[in-house]
There are 2 protein chains.
Amino acid sequence: MGITQRKEREKEAMRQRILDAALQLFRERGYDGVSIRNIAEAIEYSPGTIYLYFKDKSELFFALQFEAAALKRDHLMPVAGIEDPWERLVEFGRRYIDFGMKHPDMYDLLFITRAPMEYIENQECWQLGLATHSFFVETVQACVDKRYFRSTDTETIAYTLWCHAHGLVSLFIRERMRMYPEEKREALAQKSFTMIVKMAESL
Amino acid sequence: MGITQRKEREKEAMRQRILDAALQLFRERGYDGVSIRNIAEAIEYSPGTIYLYFKDKSELFFALQFEAAALKRDHLMPVAGIEDPWERLVEFGRRYIDFGMKHPDMYDLLFITRAPMEYIENQECWQLGLATHSFFVETVQACVDKRYFRSTDTETIAYTLWCHAHGLVSLFIRERMRMYPEEKREALAQKSFTMIVKMAESL
DNA sequence: AAAAATTAATGAACACTGTTTAGTAAAAAT
DNA sequence: ATTTTTACTAAACAGTGTTCATTAATTTTT
């Protein structure tokens, strides 16, 4: 009964074709700029076909979010090899910001875009994101354990650092830094990262 | 020739009626959840009428953003009365976050929502926001002048603090704190604010 | 191998969106 | 009283997400 297996493979392949097309279009024109019809056209199928593979646009969105989460993990997790927790933490932060700057659409998808979040929590992408977040918190915990900070409130430290990094990236990619000349923005972000690292050192 | 004046008054009144209806609907259902037809229905006019007062939906958006900017200014500017720059800065930060938490839609409109930002810069709302931002930077400068910080890089200090506050608010209102139980979120935000203040003290 | 059943894909339809425009009725100016 | 200006409307256009009856192809059963 190899037919059912082949069918399943084909179904999976189709799903992936839709996702690939959606992801590409999405990168080019942003999430709202892409319609189901656009995606259908890209893969040379009718709009209705999309709905045989995804319940609605938001499910397609979640699938894309999963891809984004995987991309982010691949961007961040190499730092797991860094022995010293403080160095690991700093490099994690640097890479987090770097990910946001290099893949603004992906970052947007993960951390800014409005989505029915109550539905997402038992979704693969959320699990993936949660794992990366846990790794971050554990790194902070390792720093606390090694007395890199005076404070021992791991949760608040982690959250505070995250707030800064997220604020930095999201102000940048949602164009709320227009009071600074364009060529200075990245440098300012860089300086701010250095500053928060210094601030954290004396925590 | 009192007629032209009356006409002008009426035109202004109509504009305001549209804005009021839009703002109310927007608060209830969010920006994307409100259509031009919805607004038209609310004021009992045809959709086309809206376009006699606003070039397009984005101009209506900018007008709303202006209202939001004014609300924010009213929420923040009372701190101008605080003599000591450090106390003023801390209170400014507290109120900034408080504004975001209390008026998430307004905050969203000002700092998160995607909009054609290149067009906005010579708009009233941008000027208003810029003024508030300048006040913030000046307060930081006053702190620098009075040697509240070791660092003298006013621009980076201000930007770093802004990043933290914006990150805090936007993670909250875009529901990216779901890894923390709901009843703990506000307390965590509170603790993080206290922490960044402590961190800033030793800058 | 032929007929029946299952599956995949379609394309038209529905109710919505932002926006434009020809036409109309009322008000103002002549 | 007639012309001009103004304010507004209704219909239309091209787009959106989504559903569904129908069709075409494939697989299963006879």
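Remember, it's a predicted structure, so these values are computed and weren't measured experimentally. A, B, ... follow the sequence lines: proteins, then strands. Residue 1 opens every chain.
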How many Å lie between [atom1] on [X] and [atom2] on [N], as a whole number?
X     : N      : atom1 : atom2 : result
A/I50 : D/dG17 : CD1   : C1'   : 12 Å
B/K7  : D/dC8  : NZ    : P     : 9 Å
B/E44 : D/dA7  : CD    : C1'   : 17 Å
A/E8  : C/dT7  : CD    : P     : 13 Å
A/K11 : D/dT26 : NZ    : C1'   : 14 Å
A/D32 : D/dG15 : CG    : P     : 17 Å
B/M14 : D/dA7  : CE    : C1'   : 8 Å
A/L60 : D/dT16 : CG    : P     : 15 Å

Give a yes or no on whether the ring-centroid distance for B/F99 and B/H103 is below 6.0 angstrom.
yes
Looking at A/R37 and A/E41, is any side-chain nitrogen of the basic one under 4.0 Å from a carboxylate oxygen of the acidic one?
no
Inspect the contact between B/R94 and B/E91 and indicate whether a charged nitrogen and a carboxylate oxygen are less than 4.0 angstrom apart.
yes
Excluding sequence neighbours, so at least two apart, what forms side chain to side chain contact (heavy atoms under 4.5 Å, CB included) with A/K184?
A/P181, B/E155
Under a 3.5 Å distance rule, please check whether B/R95 uses its side chain to pair with a backbone N or O of B/L76 as donor and acceptor.
no
Produce a footprint string for nucleotides 14-26 of chain C: one letter per nucleotide, 5' end first; B if the base is under 4.0 Å from any protein heavy atom, S if only the sugar-phosphate is, - if neither.
---BBBB------
Over 60° means perpendicular and under 30° means parallel, so classify the ring planes of A/W86 and A/F149, tilted if in between.
perpendicular
Using 30° and 60° as the class boundaries, would you call the ring planes of A/F92 and A/F135 parallel, tilted or perpendicular?
tilted
Is B/R6 near enough to C/dA28 that one of its side-chain N or O atoms lies under 4.0 angstrom from OP1 or OP2?
yes
Presence of A/T49 side-chain N/O under 4.0 Å of C/dA9 phosphate oxygens OP1/OP2
no
Looking for any heavy atom pair under 4.0 Å, which part of the strands does A/Y53 touch: base, sugar-phosphate only, or nothing?
sugar-phosphate
